[in-house]
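Chain naming here is simple, since letters A, B, ... match the order of the sequence lines and numbering starts at 1 in each.
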Amino acid sequence: MNTIEPARKKWLKKEIPFHLMVLPAVIITVLFRYIPFVGISLAFEDYNPLKGLFQQDWIGFANFKFLFSIPDFTGVLWNTVFIAVFKMIGNIVVPVLFALLLNEVRLMTYKRTLQTLFYLPHFLSWVALAGVLVDILSPSTGIVNTIIKSFGLHPVFFIGNPSVFPWTLIISDVWKEFGWGSIVYLAAITGIDPTYYEAATIDGAGRFRQIFSITIPSMAPIIMLMMVLGIGNIMQAGFDQIFNLYSPQVYSTGDIIDTYVYRIGIVNQQFGLATAVGLFKSVISFILIATGYKVADKVAGYRVF
Amino acid sequence: MNYSSTKRKIFIVFNTIFLAAIAISCLLPLVNLLAISFSSRAAVNANLVTIWPKHFTLGSYEYILSNQQFYSSLFISIQRVAVGWVVNLALTVLIAYPLSKEKHMFHARGFYVWFFLITMCFNGGLIPTYLVVDKLHLVNNFWALILPDAVNMFYVLLMLNFFRGIPKAIEEAALVDGASWIVTLVKIYLPLSLPSLATVSLFIIVNQWNAWFDGMLYMNLPDKYPLMTWLQTMVLNFDIRKISPQQLMENPNLLEVTGRAARSAMIMLCTVPVLISYPFLQRYFVSGIVMGSVKE
């Protein structure tokens, strides 16, 4: 007993600097995140704007039962997951690919120009971009369909056809975000020790071999991090984009949780229901991130955080 | 070196062309919006503008730039970007460093990780957060633009992973020489983390510049609005019927403005700071800093 006690006191004392470092952030987090958690109780209440925040009626899980009993809910949930999963895959594979391709460009000015151009779409809002997309993808006058027609094929209804619509969403989102997303991977690539490449060249490895054996494995921790965080975002399929692009014809495949709640929530119990949906999404996202972390740990040996 | 093999040459040609094609596709929508922002009302509404302005007019920009409010909001935005960058970056580093240590170095790290992670997934909602800000007397105060979102777990996790990539031997050498944790952080980890500091800085700066909703939520008066908030309200409220005859006399170009053109001008203003700060931060994306310092 006596041999253990002093040791504990010693490392506690040694770790005080760490606790002090974290302290300012902890204070801010408690103030602006933990205290507002009280608001989650709204999910279990029948919100009446006329009453005060603490005088609402408690209705337990009624909001959640209402949500799950809506006939289209399973379809909407499926759409959300489908779109989000493919967006996640696209938003990791494509930026990584472009980071690797950009890394092969030797001329610095060309490389920097390309980079700047690639992340410009990230700054366009979906309101503006939707207008551009509707124009380009128009079945009658759009450029894309003009090219398709010149090959003798039928024009594709990118925005009106329910089977095509999710892919339009996914591909346009990947196009919008890949440039910005690649920044993180490029930063990871610059951190790689050049001596690895030199050693590989001496051993006779060609450039492609070097990419597969050095570059990609060195980026693996960051890729895993983005994957785990991406999985946590599965409930967010992109309200902004879908709201600006969808129409009743594509509700069957394009309606996600957020757009659905936006439409029906206007009828009644808006805040309570919206909070309940938010809570449902948060719980799922938390479970997925925790699972992703454990899986990455057991399978790949990386502790993502 | 294999750099001049035929396979390699073909790859370089294809790579160059492919990247150029994609880059052009990224540029075109922006060129289109730029053209719209310089085009007349009639042309924009008739959807005639493609990549070149039709009936060139500076109306949309004049509408925005001739307003005194623009400059005071701009000043507020510059302040929030500068302060937000320092505060955010400092907090990010201060959390990422201890959390990047192993459990045996910092026993409480697990607790702190989950403590912060929960805030990434769960959200109390708009109203409760507003109430907290209100109780802290931060409503209508500049710091309401900085403090509530000062801790961003995504940046912390990024920084944490980059910190873990630095060879432990360097840190151990410093500790053996008697350096404290804070000294190791400042003198060793930070200088070696320039690419990640530059990346996170870029994200922070851009987010601070583009943030508009918090300005609208926490500020009561338009003269305290940061630039993006003011632009949103200006553009959203733009209605050609509301313009007084006197305004028209001072500024005949107002007739040429449409909501869509004004929005396009707004987007142009959004991208400016990135185009400025990215080249500046570019030089920190340097490789090989760690090279040679650790003998395996």
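Contacts between A:I202 and chain B at a heavy-atom distance below 4.5 Å are absent for every atom of the residue. Both the backbone and the side chain of B:S25 have a heavy atom closer than 4.5 Å to some heavy atom of chain A. Using a 4.5 Å cut-off between heavy atoms, A:L101 contacts chain B through both its backbone and its side chain. Of the two parts of B:K135, neither the backbone nor the side chain holds a non-hydrogen atom closer than 4.5 Å to a non-hydrogen atom of chain A. A:P17 touches chain B through its side chain: at least one heavy atom from C-beta onward sits under 4.5 Å away, while N, CA, C and O do not. Neither the backbone nor the side chain of B:M153 comes within contact range of chain A; no heavy atoms are under 4.5 Å apart. With a 4.5 angstrom heavy-atom cutoff, B:L197 does not touch chain A via any of its atoms. In this structure, the portions of B:L147 lying under 4.5 Å from any heavy atom of chain A include both its backbone and its side chain. Proximity to chain A is absent for every atom of B:S180, based on heavy atoms less than 4.5 angstrom apart. A:V184 touches chain B through backbone and side chain together, each having a heavy atom under 4.5 Å away. For chain B, no part of A:Y196 is nearby; none of its heavy atoms comes within less than 4.5 Å. For B:N210, the part lying under 4.5 angstrom from a heavy atom of chain A is the side chain only. Within the 4.5 angstrom heavy-atom criterion, no atom of A:Y197 approaches chain B. B:A20 touches chain A through backbone and side chain together, each having a heavy atom under 4.5 Å away.
Residues B:D149 and A:R33 are paired through a salt bridge, judged by an N-O separation under 4.0 Å between the basic side chain and the carboxylate.
Contact count versus chain B (heavy atoms, under 4.5 Å) is highest, among A:L107, A:I136, A:T113, A:V22, for A:V22. Of the listed residues (B:L27, B:V206, B:L136, B:V156), the greatest number of heavy-atom pairs within a distance under 4.5 Å of chain A belongs to B:V206. Contact count versus chain B (heavy atoms, under 4.5 Å) is highest, among A:I284, A:L31, A:V105, A:D135, for A:L31. Chain B forms more heavy-atom pairs under 4.5 Å with one residue of A:T29, A:I28, A:I40 than with any other, namely A:T29. Among the candidates B:T92, B:L117, B:I36, the residue making the largest number of heavy-atom pairs closer than 4.5 Å to chain A is B:L117. Counting heavy-atom pairs under 4.5 Å between each of B:F18, B:F154, B:F116, B:F115 and chain A puts B:F115 at the top. Among the candidates A:V30, A:L124, A:L20, A:L279, the residue making the largest number of heavy-atom pairs closer than 4.5 Å to chain B is A:L124. Highest contact tally toward chain A, considering only B:L160, B:N32, B:I118, is held by B:I118 [criterion: heavy-atom pairs under 4.5 Å]. Contact count versus chain A (heavy atoms, under 4.5 Å) is highest, among B:I182, B:V151, B:L91, B:T119, for B:T119. Contacts with chain B were tallied for A:V283, A:L225, A:V132; A:L225 has the most, counting heavy-atom pairs under 4.5 Å. When each of B:L157, B:L99, B:I95 is scored by its heavy-atom pairs under 4.5 Å with chain A, the top score falls to B:L157.
The shortest distance between side-chain heavy atoms of A:E104 and A:R207 falls below 4.5 Å. Side-chain contact between A:V38 and B:P128 is absent, with no heavy atoms from C-beta onward closer than 4.5 Å. Proximity of A:S172 to A:L133: side-chain heavy atoms (C-beta onward) are separated by under 4.5 Å at one or more points. Side-chain contact check for A:K111 versus A:N103: some heavy-atom pair is nearer than 4.5 Å. In this structure, B:L158 and B:S196 have side chains that are not in contact, with every pair of non-hydrogen atoms separated by 4.5 Å or more.
Ring geometry for B:F106 versus A:H19: interplanar angle over 60°, hence perpendicular rather than tilted (30 to 60°). Taking the six-membered ring where the residue is Trp, B:F203 and B:Y155 present parallel rings, their angle staying beneath 30° rather than reaching 60°. Between B:Y218 and B:Y130, the ring planes lie parallel to each other; the angle is under 30°, not in the 30° to 60° tilted range. The aromatic rings of A:F98 and A:F178 sit tilted relative to each other, their planes meeting at an angle between 30° and 60°.
In terms of modelled atom types and a separation under 3.5 Å, the side chain of A:S138 and the main chain of A:V134 share no donor-acceptor contact. In terms of modelled atom types and a separation under 3.5 Å, the side chain of A:E177 and the main chain of A:N91 share no donor-acceptor contact.
Separation of the A:F37 and A:Y34 ring centroids falls under the 6.0 Å cut-off.
Minimum heavy-atom separation, A:A99 to A:S182: CB-O, 4.2 Å.
More than 12 heavy-atom neighbours from other residues, nucleotides or ligands sit within 6.0 angstrom of NE2 on B:H104.
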